[in-house]
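Shown next, in structure tokens, is the structure this report addresses.
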Amino acid sequence: MGSSGASRTVSAKSGAWREDSPGYRSGGTFLISGVGHFTYQELQELPADPGELRKLLCEGSVKFTTGGSGAPRRCDDPAQVLSRAFFVLVDTPVPPKVRAGLMRLITDYPGVRRLGAVTDPLGRPAVSLAASFGSADGRGTIQREVIFDRQAGKVLGSRDTQLVPGPDSETWQVPGRVLNYRAVLDVGWSDAKPALPD
């Protein structure tokens with residue numbers, strides 16, 4: 001579930017089941033936003049070292065499903081690193097050692113702050129890591145947070161909050177205003193065809 005803009009909330013529902021076409025690489029792929037497509041086996045073989053994970057997420061070029069590569073990628077900005085780690089933790093079935101490496105990466109990354117106890121957009125008690133960035137479109141300074149369950153350490157979501165309005169901010173983009181959020185209700189993986197909800 002996510003929200004973007006002044007008053008819009010979007011809930012994602014399961015789409016139609018799509019099977020890989022004949023001859024496609026077995027098992028399909030998982031997309032890491034801004035990095036590329038990885039098979040389940042490739043995800044299991046990712047490095048656990050935080051430095052190696054940063055290189056994977058922020059250096060090289062985007063990896064296509066065909067095995068080729070595209071435009072080079074680069075991210076040293078703490079908010080970018082936090083975002084990339086968030087998408088890996090939420091959208092892919094990486095093994096526990098990789099999850100632990102990603103947590104060490106973002107917890108210790110220069111410019112990432114620990115905000116301590118917070119409440120997520122659904123009212124769940126949580127802890128948060130955050131980094132600020134200057135918006136490229138003139139909206140000013142924005143704080144990006146990744147929010148975790150206090151007990152289990154599961155990712156509960158992310159949110160962007162306006163810190164300092166810029167010259168192109170809208171009138172509603174005042175300090176402290178949540179600009180968008182993504183709430184994670186549940187995540188799970190299976191190799192069996194699911195029974196999709198209505």
Side-chain angles (χ1 to χ4, degrees), residues 1-18 28-38 40 43-44 46 48 50 53-54 56-58 75 77-109 112-133 142-162 176-198:
M1 178 188 325
S3 176
S4 178
S7 61
R8 181 177 59 191
T9 297
V10 178
S11 293
K13 291 189 174 185
S14 300
W17 179 257
R18 182 180 56 85
T29 60
F30 295 87
L31 173 64
I32 299 176
S33 181
V35 179
H37 294 264
F38 294 80
Y40 176 82
L43 292 175
Q44 303 315 297
L46 291 181
L53 284 167
R54 193 206 66 79
L56 172 78
L57 297 178
C58 297
C75 67
D77 180 85
Q80 291 176 320
V81 173
L82 198 58
S83 292
R84 298 265 169 95
F86 169 79
F87 286 114
V88 177
L89 290 167
V90 170
D91 293 342
T92 68
V94 292
K97 65 178 183 173
V98 176
R99 296 181 73 81
L102 287 165
M103 292 300 296
R104 287 196 311 273
L105 169 63
I106 60 177
T107 301
D108 298 335
Y109 200 81
V112 173
R113 302 179 314 281
R114 298 174 192 180
L115 297 186
V118 298
T119 302
D120 86 333
L122 299 180
R124 298 174 291 185
V127 293
S128 177
L129 295 173
S132 302
F133 65 97
I142 296 170
Q143 175 174 274
R144 176 153 299 150
E145 289 179 68
V146 175
I147 305 164
F148 301 89
D149 179 89
R150 286 187 198 174
Q151 305 296 323
K154 294 189 327 184
V155 180
L156 296 180
S158 67
R159 68 179 155 214
D160 287 350
T161 305
Q162 188 80 50
R177 178 69 181 253
V178 174
L179 303 177
N180 59 62
Y181 71 84
R182 181 175 176 183
V184 178
L185 303 178
D186 193 19
V187 174
W189 309 102
S190 172
D191 60 359
K193 183 175 179 176
L196 300 177
D198 295 328

Taking all heavy atoms of [X] and all of [Y], pick out the closest pair and write down the distance.
X      : Y      : value
Pro121 : Ile147 : CD-CD1, 4.2 Å
Ile106 : Ala85  : CG2-CB, 3.4 Å
Ala79  : Ala131 : N-CB, 3.6 Å
Leu82  : Leu129 : CD2-O, 3.8 Å
Pro50  : Arg104 : CD-NH2, 3.5 Å
Ala126 : Leu156 : CB-CD1, 3.9 Å

Taking the side chain as C-beta and beyond, is there a heavy-atom pair between [X] and [Y] under 4.5 Å?
X      : Y      : result
Val118 : Val127 : no
Thr29  : Phe38  : no
Leu57  : Ile32  : yes
Asp77  : Phe133 : yes

Side-chain donor-acceptor contacts of residues 89-103 below 3.5 Å, not counting sequence neighbours, with atom names and distances?
unit_1, atom_1, unit_2, atom_2, d
Asp91, OD1, Arg182, NH2, 3.1
Thr92, OG1, Val88, O, 2.7
Arg99, NH1, Leu89, O, 3.1

Legend entry - Full working for side-chain contact (heavy atoms from CB on, under 4.5 Å) between Leu105 and Val81: CA-CA 9 Å; Leu105 169 63; Val81 173; 4.1 Å; yes
Inset, instruction - Could you tell me whether the side chains of Arg144 and Ser83 share a donor-acceptor contact shorter than 3.5 Å? - result: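 Yes, because at least one side-chain N or O of Arg144 sits under 3.5 Å from a partner of the opposite role on Ser83.
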Inset, instruction - Would you check if there is a donor-acceptor pair between the side chains of Arg113 and Gln143 at a distance under 3.5 Å? - result: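 Looking only at side-chain atoms, Arg113 and Gln143 do form a donor-acceptor pair, the distance falling under 3.5 Å.
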Inset, instruction - Tell me, with the steps shown, if Arg114 and Thr107 meet side-chain contact (heavy atoms from CB on, under 4.5 Å). - result: CA-CA 8 Å; Arg114 298 174 192 180; Thr107 301; 2.8 Å; yes
Inset, instruction - Look at Asp149 together with Lys154 and state whether they make a salt bridge at an N to O cut-off of under 4.0 Å. - result: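 So Asp149 does not pair with Lys154 through a salt bridge.
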Inset, instruction - For Arg150, enumerate each residue passing the salt bridge (Lys or Arg N to Asp or Glu O under 4.0 Å) test, keeping only those at least two apart in sequence or located in another chain. - result: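 Not a single residue meets the salt bridge (Lys or Arg N to Asp or Glu O under 4.0 Å) criterion with Arg150.
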Inset, instruction - Write out all pairs satisfying side-chain hydrogen bond (donor to acceptor under 3.5 Å, both in side chains) with one or both partners inside residues 118-128, taking only residues at least two apart or from two chains. - result: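 Qualifying pairs, neighbours excluded: Asp120-Arg124, Ser128-Glu145.
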